[in-house]
Amino acid sequence: FFIKLAPYLGEQHSLQFGLSLAHARQFQQLIDEDDTVVDDQFALDGQQSLAGMDVVYELDGRGEQGKGDLELVAEYLLLEKDMRVTGADAAAPVLVGDTVSGTQDGMYVQASYGIAPRWQLGLRHEVSGMQNELDEAGNVLAFDASSRTTLAVTFRPNSSTRLRLQFSSADVSDEAGATTQLNEFVLGYTGTFGGHEGHAH
């Protein structure tokens, strides 16, 4: 289920709100507690729901080749599961028939702005696991959140190609509570083939 609302704000402005819900009544999952060969795996069967909301704002800067254009986007997602153990190894922390429930969420906020004709600057921040708990038959496990911030510069030489230089810095938390910092540079090229904007279909 999803719904989108877009109130009219004039020719230069665009605003859209969205709500969504996905629900699985028969969801199966296999969990390995430590990713080793130790016999601690267990299987789950139950239901899972994913709810989300988003907002998008766009401003047409009326500049040449996208100069002055602004886009702001934010989205939040919440995952909940309610399951039962259908199979468990000897060293698993649960028994067949035990209940396992969990909650995890995530969100991102991003902005892009046309700094010059054909040039765009973008900034994005995302967080996963602000709520991040797992209840295994009464044993509640809480995990820390992970986050990433990305800065990107994009150049569009024409309507069908795009060059992007991107830098990301992430703080990734593991199950033991340790945090690892990861930095990444990406140089990407995107090309569109066939009919596209600015050309006949």
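Counting heavy-atom neighbours within 6.0 Å of Glu11 CD, excluding the residue itself, gives a total of 12 or less. Residue Arg124 places its CZ atom among more than 12 non-hydrogen atoms of other residues, nucleotides or ligands, all under 6.0 Å distant. Around atom CZ of Arg25, no more than 12 heavy atoms belonging to other residues, nucleotides or ligands sit under 6.0 Å away. Environment of CE in Met130: crowded, with over 12 heavy atoms of neighbouring residues, nucleotides or ligands closer than 6.0 Å.
In the hydrophobic cluster analysis, where Ile, Leu, Val, Met, Phe, Trp and Tyr join through side-chain heavy atoms closer than 4.5 angstrom, Val153 is grouped together with Leu72. Leu141 and Val94 end up in the same hydrophobic cluster when Ile, Leu, Val, Met, Phe, Trp and Tyr side chains are linked at under 4.5 Å. Linking Ile, Leu, Val, Met, Phe, Trp and Tyr residues whenever their side-chain heavy atoms come within less than 4.5 Å places Phe143 and Met83 in a single cluster. Side-chain heavy atoms closer than 4.5 Å link hydrophobic residues (I, L, V, M, F, W, Y) into clusters, and following such links, possibly through other members, connects Tyr113 to Leu15.
Considering all non-hydrogen atoms of both residues, Ser146 and Ser173 come closest at OG-N, 2.9 Å. Across all their heavy atoms, Arg118 and Pro157 have their closest contact at NH1-O, 2.9 Å.
Checking side-chain atoms of Arg84 against main-chain N and O of Gly97 turns up a donor-acceptor pair under 3.5 Å. Between the side chain of Thr99 and the backbone N or O of Ala137 there is no donor-acceptor pair closer than 3.5 Å. Not a single donor-acceptor pair under 3.5 Å links the side chain of Asp171 to the backbone N or O of Gln181. In terms of modelled atom types and a separation under 3.5 Å, the side chain of Asp105 and the main chain of Gln131 share a donor-acceptor contact. Listed for the Ser14 side chain is no donor-acceptor partner under 3.5 Å among the backbone atoms of Glu58. At least one donor-acceptor pair closer than 3.5 Å links the side chain of Asp98 to the backbone N or O of Leu95.
No hydrogens or angles considered: a donor-acceptor pair under 3.5 Å links the side chains of Thr150 and Ser168. A donor-acceptor contact closer than 3.5 angstrom links the side chains of Tyr57 and His13. In this model, a donor atom of one side chain and an acceptor atom of the other lie less than 3.5 Å apart for Lys81 and Gln29.
Taking the side chain as every heavy atom from C-beta outward, Glu133 and Val140 approach each other to under 4.5 Å. Using a 4.5 Å heavy-atom cutoff, the side chains of Gln16 and Leu5 are not in contact. Residues Phe42 and Asp89 form no side-chain contact, since every pair of their non-hydrogen atoms from C-beta on lies 4.5 Å or further apart. By the 4.5 Å heavy-atom criterion applied to side chains, Leu77 and Leu79 are not counted as neighbours. The shortest distance between side-chain heavy atoms of Val100 and Val85 falls below 4.5 Å. Between Asp45 and Phe27, every side-chain heavy-atom pair lies at or beyond the 4.5 Å cut-off. Using a 4.5 Å heavy-atom cutoff, the side chains of Arg164 and Arg156 are not in contact. Ser147 has its side chain out of reach of Glu126: every pair of non-hydrogen atoms, C-beta onward, lies at least 4.5 Å apart.
Partners of Lys4 under the side chain to side chain donor-acceptor pair (under 3.5 Å) rule, at least two apart in sequence or in another chain, are Asp54.
Note on residues 148-174: pairs passing ring-ring contact (aromatic ring centres under 6.0 Å, His included), not counting sequence neighbours, are Trp119-Phe155, Phe167-Phe185.
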Show your working on side chain to side chain donor-acceptor pair (under 3.5 Å) between Ser101 and Asp82 and close with a plain yes or no.
-> CA-CA 4 Å; Ser101 60; Asp82 185 11; 5.5 Å; no

